[in-house]
Amino acid sequence: MNLDTSATHEIQHDISSIPGKTQSAPCWSVAEVLALLNAPFNDLIYRAHTVHRQYHDPNGVQLSTLISVKTGGCPEDCGYCPQAARYHTDVENQAMLSVDEVVTAAAAAKANGATRFCMGAAWRGPKQRDIEKMTEMIRAVKSLGMETCATLGLLKPGQAQQLGAAGLDYYNHNLDTAPEFYEEIITTRQYQDRLDTLQEVRGAGINVCCGGIVGMGEMREARAGLIAQLANLEPYPESVPINHLVQVEGTPLYGTAALDPLEFVRTIAAARITMPKAMVRLSAGRQEMSEAVQALCFLAGANSIFYGDKLLTTGNPETDRDQVLMKKLGLHALP
Ligand code: SAM
Ligand code: DTB
Ligand code: SF4
């Protein structure tokens, strides 16, 4: 297998001199995060797990179920994404789902044990009529007693307020990667556009869910750059999804050299150390990941997963399989 050689980077032997940070002094330099990623694996995981125990139930996992409310045909050029109209993938375009369809799916997710329902749409950003339909969906899902999350792309001023007024608990919008690597992956929207949307979300009092993707051919430095960007948001996100690239045939990133799984675990650990109170989500890519690697991710501080046999367009482990894994590891679902 062609593995990312950055796993063989020089090991830094003492990370104890790198201080933890508080919200009043939140700044993590890229060099400090890189030093975490370069540390001996045991030192890194021990530190991450120690932080994890200090702030979280060490055996609790939050379960979110995803649904794609509008699939495919997206005008953007994100190099990883099977839903971009310009790439030829097997994804079939689908018009927006009805409120009834979404509520039925949310009720099934709740019955299966999910506590949060996340609605995703393949848009650059929503139009006003889309916001109106989304607010109906959010109200309906909320009335089932579930937490709500949406990921709809860039938001214009005022749109976040409308979503928040309907009861939206979280908005997911990822930085995806480090600023230096970003243009290799996406050209149709800028890093600053993403930061502006996060500001809109914060301003509306909605919790921020923001993370990125690893395994896109980036160097370890870029993973450090992503984590530093996230950790330095003021305040850092409440929820941090760390996605492993799901390689989809037809997308430009299909065929990228596979990332060493331990690099993924290291990224989770760095997220946990730098954002101690956040929920760190072991997100896309679990279907291709061994149970042992997932267990290491939980040890390193991941405490949230996508639950349900589909992400947006690609597969995720079956719920029965996840229940078996959780039982094996003694993990319980968080309320
Ligand atoms: N269209 C909206 C946007 O891009 O903001 C919302 C949906 S988009 C699919 C949400 C996120 O899914 C992306 O920002 C990216 O981080 C993640 N994602 C998309 N395709 C992926 C893939 N093949 N592997 C891993 N993560 C992926
Ligand atoms: C996030 O960070 N990961 C999720 C969610 N937010 C919307 C999406 C993963 C998508 C994986 C590719 C797909 O299924 O289309
Ligand atoms: Fe469109 Fe979102 Fe996919 Fe980018 S990630 S192509 S914006 S659906």
Side-chain angles (χ1 to χ4, degrees), residues 64-87 89-94 96 116-126 130 134 148-155 159 170-177 182 185-191 193-198 200-201 208-218 226 230 237 239-256 259 264 267 271 278-289 302 304-317:
S64 293
T65 293
L66 266 174
I67 190 170
S68 179
V69 301
K70 188 268 166 187
T71 307
C74 183
E76 301 297 285
D77 72 348
C78 312
Y80 46 76
C81 186
Q83 301 198 69
R86 66 191 72 202
Y87 310 137
T89 66
D90 286 342
V91 169
E92 281 181 26
N93 296 353
Q94 191 176 46
M96 204 165 175
R116 191 178 304 162
F117 195 65
C118 180
M119 295 160 269
W123 292 319
R124 173 180 167 84
D130 301 324
M134 288 309 309
T148 54
C149 176
T151 180
L152 315 174
L154 300 175
L155 295 181
Q159 291 186 323
Y170 288 80
Y171 193 82
N172 166 243
H173 195 63
N174 293 335
L175 291 178
D176 279 350
T177 190
Y182 184 83
I185 307 295
I186 302 147
T187 68
T188 51
R189 62 171 84 176
Q190 310 308 310
Y191 213 77
D193 297 329
R194 292 181 182 258
L195 294 168
D196 291 347
T197 287
L198 294 173
E200 290 296 322
V201 174
V208 169
C209 173
C210 180
I213 312 179
V214 298
M216 299 195 292
E218 75 285 344
L226 166 68
L230 295 168
S239 169
V240 179
I242 305 293
N243 295 278
H244 189 297
L245 173 70
V246 180
Q247 296 203 11
V248 180
E249 201 167 348
T251 59
L253 290 183
Y254 183 70
T256 302
L259 182 72
F264 186 81
T267 311
M279 299 301 285
V280 174
R281 183 173 302 139
L282 163 52
S283 301
R286 278 199 310 117
Q287 198 170 39
E288 294 75 23
M289 222 174 262
S304 169
I305 56 172
F306 285 124
Y307 181 68
D309 59 7
K310 209 168 170 197
L311 292 167
L312 292 172
T313 64
T314 64
N316 195 47

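As the structure lists them, so they are numbered: ligands from 1, and atoms in each ligand from 1.
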Going by the 4.0 angstrom heavy-atom rule, the piece of Arg189 near ligand 3 is side chain
Give the atoms of ligand 3, by number and element, whose distance to some non-hydrogen atom of [X] is under 4.0 Å.
{"X": "Ala122", "result": "8 (S)"}
{"X": "Tyr80", "result": "5 (S)"}
{"X": "Cys81", "result": "3 (Fe), 5 (S), 6 (S), 8 (S)"}
{"X": "Trp123", "result": "7 (S)"}

(Q) Using the rule given for side chain to side chain contact (heavy atoms under 4.5 Å, CB included), can you reason through Tyr80 versus Val248, listing the C-alpha separation, both sets of side-chain angles and the distance that settles it, and then say yes or no? (A) CA-CA 8 Å; Tyr80 46 76; Val248 180; over 6 Å; no
When you measure from [atom] to every protein heavy atom, which one gives the shortest distance, and what is it?
{"atom": "atom 7 (C) of ligand 2", "result": "Thr151 CG2, 3.5 Å"}
{"atom": "atom 3 (C) of ligand 1", "result": "Gly153 CA, 3.9 Å"}
{"atom": "atom 27 (C) of ligand 1", "result": "Ile213 CD1, 3.8 Å"}
{"atom": "atom 4 (Fe) of ligand 3", "result": "Cys78 SG, 2.3 Å"}
{"atom": "atom 12 (C) of ligand 2", "result": "Thr314 OG1, 3.6 Å"}
{"atom": "atom 3 (N) of ligand 2", "result": "Asn243 OD1, 2.9 Å"}
{"atom": "atom 8 (C) of ligand 2", "result": "Leu312 CD1, 3.9 Å"}
{"atom": "atom 4 (C) of ligand 2", "result": "Phe306 CE1, 3.6 Å"}
{"atom": "atom 9 (C) of ligand 1", "result": "Leu312 CD1, 3.4 Å"}
{"atom": "atom 6 (N) of ligand 2", "result": "Asn172 OD1, 3.0 Å"}

Would you say [X] contacts ligand 1, with heavy atoms under 4.0 Å as the rule?
{"X": "Ala121", "value": "yes"}
{"X": "Arg124", "value": "no"}
{"X": "Lys70", "value": "no"}

Using distance alone, determine whether [X] and ligand 1 share an N or O pair under 3.5 Å.
{"X": "Thr151", "result": "no"}
{"X": "Asn174", "result": "yes"}
{"X": "Val246", "result": "yes"}
{"X": "Trp123", "result": "yes"}
{"X": "Tyr80", "result": "yes"}

* Has Cys74 got an N/O/S atom less than 2.8 Å from atom 1 (Fe) of ligand 3? ->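 Coordinating: yes.
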Decide yes or no for [X] and [Y]: does some side-chain heavy atom of the first lie under 4.5 Å from some side-chain heavy atom of the second?
{"X": "Val240", "Y": "Leu230", "result": "yes"}
{"X": "Ile186", "Y": "Tyr191", "result": "no"}
{"X": "Val201", "Y": "His173", "result": "no"}
{"X": "Tyr87", "Y": "Pro82", "result": "no"}

- Does even one non-hydrogen atom of Tyr80 get within less than 4.0 Å of ligand 2?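 The answer is no, since Tyr80 has no heavy atom less than 4.0 Å from ligand 2.
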Using a 3.5 Å distance criterion without hydrogens, assess whether the side chain of [X] forms a donor-acceptor pair with backbone atoms of [Y].
{"X": "Arg124", "Y": "Thr188", "answer": "yes"}
{"X": "Asn174", "Y": "Gly211", "answer": "yes"}
{"X": "Gln159", "Y": "Pro126", "answer": "yes"}
{"X": "Asn172", "Y": "Thr151", "answer": "no"}
{"X": "Tyr182", "Y": "Leu175", "answer": "no"}
{"X": "Glu76", "Y": "Cys74", "answer": "no"}
{"X": "Thr256", "Y": "Gly217", "answer": "no"}

Give the minimum heavy-atom separation between [X] and [Y], together with the two atoms involved.
{"X": "Gln190", "Y": "Asp193", "value": "N-OD2, 2.8 Å"}
{"X": "Asn93", "Y": "Gly73", "value": "OD1-N, 3.2 Å"}
{"X": "Gly285", "Y": "Val246", "value": "N-CG2, 3.7 Å"}
{"X": "Leu155", "Y": "Tyr171", "value": "CD2-OH, 3.5 Å"}
{"X": "Pro317", "Y": "Arg286", "value": "CG-NH1, 3.8 Å"}

Please work out, at 4.0 Å between heavy atoms, whether the side chain, the backbone, both, or neither of [X] comes within that distance of ligand 2.
{"X": "Val246", "value": "neither"}
{"X": "Leu66", "value": "side chain"}
{"X": "Val248", "value": "neither"}
{"X": "Thr313", "value": "both"}

Between ligand 2 and Gln83, is the shortest N or O to N or O distance under 3.5 Å? no
Quiz item: Looking only at side chains, do Ser64 and Arg281 share a donor and an acceptor under 3.5 Å apart?
Solution: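 Present: a donor and an acceptor within the cut-off.
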Is the closest basic N to carboxylate O distance between Asp130 and Lys70 below 4.0 Å? no
With heavy-atom distances below 4.0 Å as the criterion, list the atoms of ligand 1 near [X].
{"X": "His173", "answer": "5 (O)"}
{"X": "Arg189", "answer": "5 (O)"}
{"X": "Ala284", "answer": "25 (C)"}

Legend entry - Protein contact for atom 23 (N) of ligand 1 (heavy atom, distance under 4.0 Å): yes
One finds that the ligand 2 atoms under 4.0 Å from a non-hydrogen atom of Pro241 are 2 (O)
- request: Check each atom of ligand 2 against the heavy atoms of Asn174 and keep those under 4.0 Å away; list them by number with element.
  value: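 Under 4.0 Å from Asn174, ligand 2 has these atoms: 1 (C), 2 (O).
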Heavy-atom proximity to atom 14 (O) of ligand 1, picking from Leu152, Asp176, Ile186, Leu154, points to Asp176
- Query: Which of these, Asn243, Thr65, Asn316, sits in a side-chain contact (heavy atoms from CB on, under 4.5 Å) with Leu311?
  - Reply: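 The passing option is Asn316.
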Show, in sequence, the C-alpha distance, side-chain angles and deciding distance for Ser68 and Gln83, and conclude whether the side chain to side chain contact (heavy atoms under 4.5 Å, CB included) test is met. CA-CA 11 Å; Ser68 179; Gln83 301 198 69; 4.2 Å; yes
